[in-house]
Amino acid sequence: MEFKISKEDAAKVTLLKRAWGVDEGGVLHRLLEHFESGTGGATASAPVAATGTVAVYARYDGNRIDGEYDPASQSVTILSGPAEGRYKSPSGAATAVLQAYNPGVAPHRNGWSFWVVDSSGARLQSLRGPQAPDADN
């Protein structure tokens, strides 16, 4: 199946290909999955910083924890506070937050639903591609 699209849209598809590390079919698949999930336009509105990261945050135990999600590596970097540092997965970063702020609770959390995209208010899950496995740390 072939599509005719404007030069402006073709440039956007090229940008998404680079950001998500997929081909044109992968871009279309991810956009369709996003549309079917009912999360609205959160993916399209999540600004990617010059470093290729997306600003995210979590609220836990009365604290706002700011971070950056790297779509290329699927890592989360917590920017400050007792859990500051880079974690290889959203769940690893969520676990670190729970361990730092409330060591008495079971620290395991699904990072894809724990972190929120700063620009849209959507869960990080809204940016997750179909090929993105959720690592435990």
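L79 is linked by a side chain to side chain contact (heavy atoms under 4.5 Å, CB included) to D66, E68, T77, counting only residues two or more places apart in sequence or in another chain. Contacts of N102 classified as side-chain hydrogen bond (donor to acceptor under 3.5 Å, both in side chains), with partners at least two apart in sequence or in another chain: Y60.
Residues V76 and S89 form no side-chain contact, since every pair of their non-hydrogen atoms from C-beta on lies 4.5 Å or further apart. Side-chain atoms of P90 and Q125, non-hydrogen and from C-beta on, never get closer than 4.5 Å to each other. Residues L124 and Y69 have side chains in contact (heavy-atom distance under 4.5 Å, counting atoms from C-beta outward). Under the 4.5 Å side-chain criterion, counting only non-hydrogen atoms from C-beta, I78 is in contact with I65. Put simply, the side chain of V56 does not reach to within 4.5 Å of the side chain of D118, judged on heavy atoms.
Shortest non-hydrogen contact noted between P71 and G52 is CD-O, 3.1 Å. The two residues G92 and Y87 have their closest heavy-atom pair at O-CD2, 3.8 Å.
Under the 6.0 Å distance and 45° angle rule, R64 counts as a cation-pi partner of Y57.
Put simply, OG on S91 and CH2 on W115 are 11.0 Å apart, with the number rounded to the nearest 0.5 Å. Rounded to the nearest 0.5 Å, atoms OG1 (T95) and CZ (R109) are 8.5 Å apart.
Linking Ile, Leu, Val, Met, Phe, Trp and Tyr whenever their side-chain heavy atoms come within less than 4.5 Å leaves V97 and V116 in two separate clusters.
The closest side-chain donor-acceptor pair between S113 and R123, if any, does not fall under 3.5 angstrom.
One N or O on the side chain of N110 and one on the backbone of W112 form a donor-acceptor pair closer than 3.5 Å. Proximity of a side-chain donor or acceptor of S75 to a complementary backbone N or O of K88 within less than 3.5 Å is not detected. No donor-acceptor pair under 3.5 Å is formed between the side chain of S126 and the backbone N or O of A122.
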